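The residues of the chain are indexed from 1 along the displayed sequence. Computed from a predicted model, the values in this text were never measured in an experiment.
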Amino acid sequence: MKKIEAIIKPFKLDEVKEALQDVGLQGITVTEAKGFGRQKGHTELYRGAEYVVDFLPKVKIEVVCSDELAEKAIEAIRNAAQTGRIGDGKIFVYPVEQAIRIRTGESGNDAI
């Protein structure tokens, strides 16, 4: 099993969710996040004063899937979240040793 974490622009969330559903993934966790990468934020003007916005709004998506679905899910996220502009985000992939469904006690791929 693999855990896929993706940090994306908030307005791309619906497109990514639909792309993951099209691939066959059922469960997804979404967290609002703030951060910056190479872009280092940006400056804004407020009441005549310029200030730096270091942390930009982002969305963190977490998905756990079987090894067979992982590449399809990664490609679906990449294609749906890509705008071609700076700040599109990142995808991280981790191995998952075990998953257990609390309600039934199922484990492994059956739990996801």
(message) With side-chain contact (heavy atoms from CB on, under 4.5 Å) as the criterion, how do I28 and I61 come out once you've worked through the C-alpha distance, each side chain's angles and the decisive distance to 0.1 Å?
(response) CA-CA 7 Å; I28 180 174; I61 297 171; 3.4 Å; yes

(request) Test E5 against Y94 for side-chain contact (heavy atoms from CB on, under 4.5 Å), laying out the working first. (result) CA-CA 8 Å; E5 282 184 10; Y94 308 94; 3.5 Å; yes

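Across every non-hydrogen atom of A99 and A111, the tightest pair is O-CB, 3.5 Å. The heavy-atom pair separating A19 from A80 by the smallest distance is CB-CB, 3.9 Å. Between A76 and V23 the shortest heavy-atom distance is CB-CG2, 3.6 Å. For the pair A73 and I4, the tightest heavy-atom approach, listed with the atom from each and the gap, is CB-CD1, 3.7 Å. Across I100 and Q98, no two heavy atoms sit closer than the pair CD1-NE2, 3.7 Å. Counting all heavy atoms, side chain and backbone alike, I91 lies closest to I74 at CD1-O, 3.9 Å.
Between E15 and K17 there is no salt bridge, since no side-chain N of the basic residue sits under 4.0 Å from a carboxylate O of the acidic one.
V16 and L25 fall within the same hydrophobic cluster, where Ile, Leu, Val, Met, Phe, Trp and Tyr residues are linked whenever their side-chain heavy atoms come under 4.5 Å apart, directly or through other members. V93 and V96 are assigned to two separate hydrophobic clusters, defined by single-linkage of ILVMFWY side chains at heavy-atom distances under 4.5 Å. Linking ILVMFWY residues whenever their side-chain heavy atoms come closer than 4.5 Å, directly or via other members, places L20 and V59 in the same cluster.
N109 and S66 share no donor-acceptor pair across their side chains, judged by distance under 3.5 Å alone.
Side-chain atoms of K3 do not come within 3.5 Å of backbone N or O of F92 as any donor-acceptor pair. Side-chain N or O atoms of D110 include none that pairs as donor or acceptor with a backbone N or O of E106 at under 3.5 Å. For the pair R101 (side chain) and S107 (backbone), a donor-acceptor distance under 3.5 Å is absent. Judged by distance alone, with hydrogens and angles left aside, the side-chain atoms of D67 form a donor-acceptor pair with the main-chain N or O of M1 at under 3.5 Å.
Here the straight-line distance linking atom CD1 of I8 with atom CD of Q82 works out to 12.5 Å at 0.5 Å rounding. Interatomic distance, CD1 of I7 versus CD1 of I77, reported as 10.5 Å (0.5 Å rounding). Note: L13 CG to E32 CD = 9.5 Å, rounded to the nearest 0.5 Å. From K58, atom NZ reaches atom NZ of K90 across 9.0 Å, with rounding to the nearest 0.5 Å.
Crowding of K9 atom NZ: a count of heavy atoms from other residues, nucleotides or ligands under 6.0 Å exceeding 12.
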